[in-house]
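Following: one structure in structure tokens, then a few remarks.
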Amino acid sequence: MAVKVKVWGLRVGAALFAAVMALIGYLAVLHYNGNFHTVIAGELYRSGQPTGGQLEKYAKEAGLQSVLNLRGASPGSDWYDAEVAQSEKLGLAHADFALSASREVTHQEAIDLIALMRSLPKPLLIHCKYGSDRTGLLAALYLAAIVGEDADTADGQLSLYFGHFAVPYLSAAYPMDESWDRLEVDLEFAEN
């Protein structure tokens with residue numbers, strides 16, 4: 001009996017290890033590929049920090065007209081200067097809005113971001129560093145506030161599918177979930 005329990009424990013441990021390794025592999029592939037996804041074809045796309053080559057590829061494939069950088073302006077940083085230069089080269093409107101995934105988004109910031117997303121030419125690419133947390137919240141806000149999707153549909157933008165890991169006290173990005181939970185009610189996105 002003890003041998004069967006030990007074998008069963010080893011199998012469970014091996015399965016758990018395999019699942020964790022598969023998740024790590026999936027997240028690595030997301031990061032390597034830029035975490036580029038269509039939110040609404042021809043209107044809204046999301047990604048991690050694009051390289052100049054990735055931005056050119058996304059612009060050609062999706063017909064991008066503008067980019068919203070959620071990392072904030074950072075003149076003098078290689079990533080920022082390359083993004084601005086490539087946006088200019090491609091004729092894309094470029095906007096910056098500094099958010100931190102580890103801090104809740106205020107009601108006023110949400111209103112400002114919604115107005116900014118409405119005003120930018122479409123198709124629009126929104127991005128942060130990895131394209132999972134801040135970008136997920138903005139994609140959810142866009143779907144709910146601008147497109148009129150229900151809160152459950154919009155909520156799917158903040159998911160592990162896009163690399164968003166949200167566990168209270170374990171995830172530095174959990175404030176994005178707390179922001180969404182509050183904003184979907186504050187901004188009257190919740191279904192009545």
Side-chain angles (χ1 to χ4, degrees), residues 34-50 52 54-56 58-59 61-77 79-151 153-159 162-164 173 175-190:
N35 204 5
F36 180 78
H37 297 277
T38 300
V39 180
I40 301 172
E43 187 172 340
L44 183 66
Y45 298 86
R46 59 181 289 173
S47 76
Q49 177 62 55
Q54 286 171 325
L55 187 54
E56 184 173 10
Y58 303 159
E61 289 176 2
L64 296 179
Q65 296 296 309
S66 60
V67 176
L68 174 54
N69 160 38
L70 301 175
R71 299 178 70 188
S74 189
S77 297
W79 67 267
Y80 183 77
D81 293 344
E83 177 178 319
V84 170
Q86 187 69 311
S87 293
E88 287 177 13
K89 178 182 172 188
L90 297 169
L92 303 177
H94 187 272
D96 303 306
F97 197 105
L99 288 180
S100 170
S102 62
R103 182 187 60 76
E104 283 193 48
V105 174
T106 68
H107 181 84
Q108 187 59 52
E109 285 173 323
I111 290 170
D112 294 345
L113 282 160
I114 291 165
L116 180 58
M117 289 189 293
R118 280 184 206 264
S119 72
L120 288 168
K122 309 302 181 287
L124 164 65
L125 172 69
I126 53 175
H127 80 81
C128 57
K129 188 170 184 179
Y130 298 112
S132 53
D133 306 316
R134 294 169 281 187
T135 298
L137 177 61
L138 265 286
L141 282 173
Y142 190 97
L143 286 174
I146 296 172
V147 177
E149 289 286 350
D150 64 87
T153 300
D155 186 60
Q157 294 296 316
L158 280 165
S159 71
F162 300 107
H164 178 69
M176 297 295 93
D177 295 87
E178 291 174 313
S179 295
W180 173 246
D181 290 344
R182 188 189 75 256
L183 291 169
E184 69 179 318
V185 173
D186 283 356
L187 302 172
E188 301 178 9
F189 300 149

**Asked** Of all residues at least two apart in sequence or in a different chain, which pass the ring-ring contact (aromatic ring centres under 6.0 Å, His included) check with F97?
**Response** none
Measure across [X] and [Y] and return the closest heavy-atom pair with its distance rounded to 0.1 Å.
X	Y	result
G34	Y58	CA-OH, 3.8 Å
G42	P123	O-CG, 3.3 Å
L64	L55	CD1-CD1, 4.3 Å
T38	Y45	OG1-CE2, 3.3 Å
A62	F36	CB-CZ, 4.4 Å
L137	S179	CD2-CB, 4.0 Å

**Request:** Any pair with a residue in residues 91-116 that passes salt bridge (Lys or Arg N to Asp or Glu O under 4.0 Å), sequence neighbours left out, goes on the list, sorted by first then second residue, please.
**Result:** R103-E109, E104-R182
Residues in side chain to side chain donor-acceptor pair (under 3.5 Å) with [X], at least two apart?
X	result
S66	none
Y142	E43
S119	none
E178	none

Value rounded to 0.5 Å, distance of [atom1] in [X] from [atom2] in [Y]:
X	Y	atom1	atom2	answer
C128	D133	SG	CG	6.0 Å
H37	L125	NE2	CG	12.0 Å
D155	E184	CG	CD	6.5 Å

Would a distance-only check, ignoring hydrogens and angles, find a side-chain to backbone donor-acceptor pair under 3.5 Å from [X] to [Y]?
X	Y	result
R134	L99	yes
D81	G76	yes
S77	W79	no
N35	Y130	yes

Listed partners of [X] passing side-chain contact (heavy atoms from CB on, under 4.5 Å), at least two apart:
X	result
K89	Q86
S159	Y161, F162
V39	L44, R46, A139, L143, Q157
A95	L68, L116, L120

**The single option from R71, Q54, H127 passing side chain to side chain donor-acceptor pair (under 3.5 Å) against E83** = H127
**Prompt:** Would you call M176 and V105 a side-chain contact if the rule is heavy atoms closer than 4.5 Å?
**Reply:** yes
**Message:** Is the shortest side-chain heavy-atom distance between M117 and L141 below 4.5 Å?
**Reply:** yes
**Message:** With a sphere of 6.0 Å drawn around NZ of K129, does it hold more than 12 non-hydrogen atoms of other residues, nucleotides or ligands?
**Reply:** no
